[in-house]
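For reference, the structure discussed in these notes is given below.
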Amino acid sequence: MPTPMNEIPESKEEPSRVAQVHQHSTFRSMLFGKPRDINDPSLFHSISLIPFLAWVGLGVDGLSSCAYGPDESFRALFGLKTGNHAELAVLLAIATTITVAVISWSYSGLIEHFPYSGGGYGVATKLLGPYFGLISGCALLVDYVLTVTTSIASSVDQIFNVVPVEFSSFKLGVELCVTGGLVLLNLRGIKESINVIVPIFLLFVATHLALMIGVLVVHPGTIAGHISQIHAEVHNDAQNLGLWVLLVIFMQAYSRGAGTYTGIEAVSNGVSAMREPQVTNAKWTMLYMAVSLAVTAGGLMLCYLLADLTPMVGRTMNGLLVEKVNFGTWFTWLTLGSEAGLLLFAAQTGYIGGPRVMANMALDGWVPRRFSSLSDRLTSHYGVLLVGAAAIGSLLYTGGSVDMLVTMYAINVFVTFSLSQLGMTRFSWIRRNRKGQGLTPIFLHSFSFVLCFSILVAVVILKFEQGAWVTIFVTGLLIILCLLIQRHYRRVRVKLGELNAQLGDMHTLTGPVPADIPQMDPKKQTAVFLVNSYGGLGIHTILIALKTFPKQFSQVYFASVGVLDSGNFKGAEEVVRLKADRQKTIDHYVHLAHTLGLAAAGEYTLGTDPVAESTGLCLKIREIYPRSVFFAGKLLFEAEKWYYPLLHNETAFAISRRLQLQGIPTVVMPIRILKFEG
């Protein structure tokens, strides 16, 4: 039996180079943290999130929207032409609470039935079809990027409200630096980034709860008074303006606060990050988020009314409310400071949710495959980097304008909401006759669909010229790009299928296994093949290598790396399954070599970086078989195009370069695909 490959041999490089590599590793560890040990049985438990931490990390986006969502709704009740309709704030608070409850309840059902589907993207794909899933996924990606930009721009605006005007030219630069800082923080890992947020999150909850209680203490008798006046004032407004005009005013205010509901879907996208039992913990997290969001958003709108506030240009409603309660300067700084901090870290949702959606789309072939890979810190590092880069581009395009960003931000999330609820309505209808199902889920999801779709239409119509068209245009371009990428991968799969068909079943073509299987000899020259799955590419590599070097090798060794990515990184049982798959692949290739009359053996290792893990494995094999030559197959196209390296990895060449630097002979065997366009 071969020696287990769990140690990388000591490098034989010059001391100066070893020192440089060590220094680089130390610096990298300082920035991103030490690599995770995937063989540690407690790994998944240590990096998973309990409901409280998930509420903080995934609920920060929803709760931070209370800094601008209720503000936008309440301001819409004070029109220049229609006058003051502040009494509708009570109805807005009720409507907001109901909306949060309905969407959250329906998403709890989504979590229960589709815990690992990737949230709205996966549900739309499974229940409505891949193209609906594509629309939902692209809408979510744009929304998560805008989550980052809107949150950071709003937070920096809060800070610059107390900074002298002459420093305002530095605002965009600060926003860009903060965006880059959050990229670095998230590359260290989800749990590490959330631990930084916890104190600010709790401070926000405490100060805003105290603020709302303070309003009730200062205005103890106004609640019953306002409620008793609502019917009379609404009746009076309906007579003077007309019921339809009053309804339009209410709907405009309701739709302008659509940003309040963004972030509710984040829990369904992050179930795989939860601690076991994941579904139960995800539903508890959803409950925490729904209650905190409904109480804070609805409560703030009621407080604006009870405190008799009137919107002022350049001042936030929460700022006016804090001044009205007047608990002291220290409380004002704590409350508004926690808002700024929470808005800043609301971008965290974008850095968590965006890469997860991209990883699921990569597994389905809509975006480049590399976006499903994980770093040695087990983060979707390519996704984090892309979200950060797109957020920087958005900030540069809008100049950090919060008004424009909020307008763009409030649209795409309701595209995903609508498609998810439409899919769940269909799912509930199909299952209506099952025991314990009934009609309640159908009514719940259909009502939620109508609610979300109505908000979407209202926001698009009312804000089309204010930036809504930009979001629609960018999302449309992203959908077209994904269609082109998926078409390319589909054509590659067809060509690989033709390659496999040409070979047929290698077990039968090459005859039975000889009775006297030769044994491996460390002193003999050995061909070491780097293999992935058992199929045409690997088999072609072996046959071409043996044909190119006839009678050169009497024994072969197979090395394989099981790569942990976003598709299989869901728990310890997935690691066991991946190990079984790698062993099965090795067994297939060893059997194939035996039928060819060759001595054969092989082994595998697991990791997140295929280049680093393959290099370490090869170095260990080289110690056991010093006369070995390493072979890897590389898919080549007859007409290479500039974007192919973005869609296909260069793993074979990267491994070859690393091994050759160690003085180890390595050959990359080209496997050509002819007559390929796409």
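Please read these numbers as outputs of a predicted model, since none were measured by experiment.
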Practice task
Test S108 against L287 for side chain to side chain contact (heavy atoms under 4.5 Å, CB included), laying out the working first.
Solution key: CA-CA 8 Å; S108 292; L287 178 62; over 6 Å; no

Exercise for the section: Indicate the ring-plane relationship of Y261 and Y254, choosing parallel, tilted or perpendicular according to the 30° and 60° boundaries. Expected result: tilted

Exercise for the section: Please confirm whether the backbone N or O of A101 pairs with a side-chain atom of S104, one donor and one acceptor, at under 3.5 Å? Expected result: no

Problem - Expected output: side-chain R426 to main-chain L127 donor-acceptor under 3.5 Å - result: yes

Problem - Backbone of N281 reached by a side-chain donor or acceptor of T285 within 3.5 Å - result: yes

Practice task
Could you tell me whether the side chain of R487 and the main chain of C482 form a donor-acceptor pair under 3.5 Å?
Solution key: no

Problem - Crowding at OH, Y489 (>12 non-hydrogen neighbours, <6.0 Å) - result: yes

Practice task
Run the ring-centre check on F201 versus F204 and record whether the distance is less than 6.0 Å.
Solution key: no

Practice task
Report the C-alpha distance between Y131 and L483 in whole Å, list the side-chain angles of each, state the deciding distance to 0.1 Å, and finish with yes or no for side chain to side chain contact (heavy atoms under 4.5 Å, CB included).
Solution key: CA-CA 9 Å; Y131 294 108; L483 287 170; 3.7 Å; yes

Problem - Any donor-acceptor N/O pair, T149 side chain to L146 backbone, under 3.5 Å - result: yes

Practice task
Please determine which of T471, T475, T147 meets the side-chain hydrogen bond (donor to acceptor under 3.5 Å, both in side chains) test together with N412.
Solution key: T475

Problem - Residues, nucleotides or ligands: over 12 heavy atoms within 6.0 Å of F449 CZ - result: yes

Handout entry: Atom pair OG (S136) and CG (L422), whose distance is rounded to the nearest 0.5 Å
Key = 11.0 Å

Completion exercise
T296 meets the side-chain hydrogen bond (donor to acceptor under 3.5 Å, both in side chains) criterion, sequence neighbours left out, with none

Problem - Heavy-atom pair with the smallest gap, counting every atom of T96 and A297 - result: CG2-CB, 4.0 Å

